[in-house]
K.L.:
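Have a look at this one before I ask anything.
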Amino acid sequence: MSTSTSPAAMLLRRLRRLSWGSTAVQLFILTVVTFGLLAPLACHRLLHSYFYLRHWHLNQMSQEFLQQSLKEGEAALHYFEELPSANGSVPIVWQATPRPWLVITIITVDRQPGFHYVLQVVSQFHRLLQQCGPQCEGHQLFLCNVERSVSHFDAKLLSKYVPVANRYEGTEDDYGDDPSTNSFEKEKQDYVYCLESSLQTYNPDYVLMVEDDAVPEEQIFPVLEHLLRARFSEPHLRDALYLKLYHPERLQHYINPEPMRILEWVGVGMLLGPLLTWVYMRFASRPGFSWPVMLFFSLYSMGLVELVGRHYFLELRRLSPSLYSVVPASQCCTPAMLFPAPAARRTLTYLSQVYCHKGFGKDMALYSLLRAKGERAYVVEPNLVKHIGLFSSLRYNFHPSLL
């Protein structure tokens, strides 16, 4: 006489069959140890990781960053104070003749004395240009001072070494008396002035617009050389409106609106899944190949890369200029933007047709023009500049923070 078995009894019987050597138990333990123990312990101080313990580390790390920035600002100040001045119209920092291939325009305002942001940026560009040597002979440094007051000490110091365009020098500016012009619109107008001055003064092939708190990475010139002379000869890239050299690290995760990242994320799983499966099957002495195990390791690797932080895995691309990726741009932000000369002239026309305000800054204005004008723009990954400014030129920030 047969007796029926309850579902609970069947489940208990199956659980009893599981042993420490079973694949399911081993993979479960691996998941718990990885995501519950090892990854949190290893990544709790990684600023752009989901495992980052913000309440424990953010204030201390922000203060350490500010102290380090103060030291680097003082070092940049001493760098230029010890540099012999030009005593003439030709600057000694860097001069491209007769017509530059690339103009590096640094836009600066006077903000937060002591940090010397613009000195940090220019000194790093100078050092990298010297290291670059003859390959960068067609590069021209150009400073664009858009400070309304005459108190911008760093811009005055740099005028001994770098060509400077002063937007408000010798003019009676009534910006402060015009209630219709807000700080966001003024920032856009300053940007237009600096871009136009770069084109009119040098007539280059490319203009790199850099804000005064965006320090270049060590690889910037080899990567730009590769991108502009090799990659941007491709038809779909040649006519781009601009190329962004920076996107905030906090916005570089896979779970974001950019669909290209989803494809990359799946690609990570397809690459690492079979590899980790082979390693597991070898060390666990499992015969053959298991598709369920490969699916597990694909999802496991995708989850690990996302939670640790895509930003940190992007750093592997710095091994070679050819490994840098170029993907469609999103709207934020503008610390470093590269414009081909024809596209720069189109940008001047486009920006003259829009009005910026709170919630619609120049970065959003530029991004909105892509669809409106049928243009394309791209961003290079990983970033080619570091954003060091915790003090905004648009808003008062009494409690600067890394996040």
Side-chain angles (χ1 to χ4, degrees), residues 48 101-105 128 132 135-136 139 195 204-211 214-268 270-271 305 309-344 346-347 350 363-364 366-371 373-387:
H48 306 294
W101 179 67
L102 172 68
V103 168
I104 305 161
T105 300
L128 295 177
C132 184
Q135 188 178 1
C136 294
H139 296 27
L195 182 56
D205 293 332
Y206 297 94
V207 180
L208 175 58
M209 300 286 285
V210 182
E211 296 176 5
V215 175
E217 294 279 4
E218 295 284 337
Q219 310 90 349
I220 186 169
F221 291 125
V223 173
L224 286 180
E225 181 78 13
H226 170 75
L227 291 177
L228 297 180
R229 297 195 186 277
R231 304 273 286 277
F232 269 69
S233 61
E234 301 172 13
H236 69 288
L237 297 176
R238 187 184 304 131
D239 298 324
L241 188 64
Y242 57 82
L243 174 68
K244 291 173 50 176
L245 306 190
Y246 175 85
H247 193 62
E249 292 85 354
R250 70 180 186 279
L251 302 179
Q252 290 181 347
H253 289 283
Y254 286 114
I255 302 178
N256 261 291
E258 289 82 2
M260 291 296 294
R261 294 190 194 172
I262 301 299
L263 295 177
E264 179 189 322
W265 197 21
V266 173
V268 169
M270 294 176 65
L271 175 65
V305 169
R310 175 175 177 264
H311 160 72
Y312 301 104
F313 291 93
L314 283 176
E315 294 298 300
L316 296 173
R317 292 182 178 270
R318 297 193 190 277
L319 294 173
S320 170
S322 61
L323 294 178
Y324 280 71
S325 63
V326 176
V327 297
S330 54
Q331 66 184 24
C332 178
C333 303
T334 60
M337 308 275 285
L338 182 80
F339 296 89
R346 298 200 305 272
T347 300
Y350 295 158
D363 55 347
M364 296 186 68
L366 284 167
Y367 184 72
S368 68
L369 291 168
L370 299 180
R371 178 174 294 182
K373 304 296 182 180
E375 297 276 7
R376 296 188 303 272
Y378 299 92
V379 59
V380 60
E381 292 181 329
N383 292 334
L384 287 175
V385 299
K386 292 178 288 188
H387 186 238

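Just the heavy atoms: all of them, side chains too, but no hydrogens, waters or symmetry mates, feed the values below.
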K.L.:
Find out whether Leu224 and Val380 are in side-chain contact, i.e. whether some heavy atom of one side chain is under 4.5 Å from a heavy atom of the other.
P.N.:
no
K.L.:
Using only atom types and a distance under 3.5 Å, with no angle test, would you say the side chain of Lys244 pairs donor to acceptor with the backbone of Ser330?
P.N.:
yes
K.L.:
Distance from Leu241 atom CG to Phe339 atom CZ, nearest 0.5 Å?
P.N.:
6.5 Å
K.L.:
Test side chain to side chain contact (heavy atoms under 4.5 Å, CB included) on Leu102 and Asp205; report intermediate values, then the result.
P.N.:
CA-CA 6 Å; Leu102 172 68; Asp205 293 332; over 6 Å; no
K.L.:
Would you find a donor on one side and an acceptor on the other, under 3.5 Å apart, between the side chain of Tyr312 and the backbone of His48?
P.N.:
yes
K.L.:
Does some side-chain heavy atom of Leu208 sit less than 4.5 Å from a side-chain heavy atom of Val103?
P.N.:
no
K.L.:
Given Tyr242, which of Leu369, Leu338, Leu370 fulfils the side-chain contact (heavy atoms from CB on, under 4.5 Å) condition?
P.N.:
Leu370
K.L.:
Which heavy atom of Ala240 sits nearest a heavy atom of Arg346, and at what distance?
P.N.:
O-NH2, 4.3 Å
K.L.:
According to the salt bridge (Lys or Arg N to Asp or Glu O under 4.0 Å) rule, which pairs have a member within residues 215-224, sequence neighbours left out?
P.N.:
Arg127-Glu218, Glu217-Arg318
K.L.:
Atom OG1 in Thr105, atom CD in Glu211: separation rounded to 0.5 Å?
P.N.:
12.5 Å
K.L.:
For residues Tyr246 and Pro335, report the shortest heavy-atom separation together with the two atoms involved.
P.N.:
CD2-CG, 3.4 Å
K.L.:
Under 6.0 Å between ring centres: does that hold for Phe221 and His139?
P.N.:
yes
K.L.:
If you look at every heavy atom in Trp101 and Pro204, which pair is closest and at what distance?
P.N.:
O-CB, 4.1 Å
K.L.:
Can you measure from CG (Leu314) to CG (Asn383) and round to the nearest 0.5 angstrom?
P.N.:
8.5 Å
K.L.:
Keeping Arg261 on the side-chain end and His253 on the backbone end, is there a donor-acceptor pair under 3.5 Å?
P.N.:
yes
K.L.:
Looking at Gln252 and His247, would you say the former's side chain and the latter's main chain have a donor-acceptor pair under 3.5 Å?
P.N.:
yes
K.L.:
Would you mind reporting whether Val379 and Leu243 have side-chain heavy atoms less than 4.5 Å apart?
P.N.:
no
K.L.:
Is there a side chain to side chain contact (heavy atoms under 4.5 Å, CB included) between His311 and Arg250 once you walk through the steps?
P.N.:
CA-CA 8 Å; His311 160 72; Arg250 70 180 186 279; over 6 Å; no
K.L.:
What is the distance from atom CE of Met209 to atom CD1 of Ile104, rounded to the nearest 0.5 Å?
P.N.:
12.5 Å
K.L.:
On the ring face of Tyr254, is Arg310 found with NZ or CZ under 6.0 Å from the centre and within 45° of the axis?
P.N.:
yes
K.L.:
About how many Å separate CG of Leu366 and SG of Cys332, when rounded to the nearest 0.5 Å?
P.N.:
12.0 Å
K.L.:
Within the distance-only criterion (no hydrogens, no angle test), does the side chain of Arg317 pair as donor or acceptor with the backbone N or O of Leu323 below 3.5 angstrom?
P.N.:
yes
K.L.:
If you round to the nearest 0.5 Å, how far is OH of Tyr367 from OG1 of Thr334?
P.N.:
15.0 Å
K.L.:
Could you check whether any side-chain heavy atom of Glu249 comes within less than 4.5 Å of a side-chain heavy atom of His387, counting everything from C-beta outward?
P.N.:
no
K.L.:
Would the number of heavy atoms belonging to other residues, nucleotides or ligands and lying under 6.0 Å from CZ of Arg376 be above 12?
P.N.:
yes
K.L.:
So do Val268 and Phe313 actually touch side chain to side chain, heavy atoms under 4.5 Å?
P.N.:
no
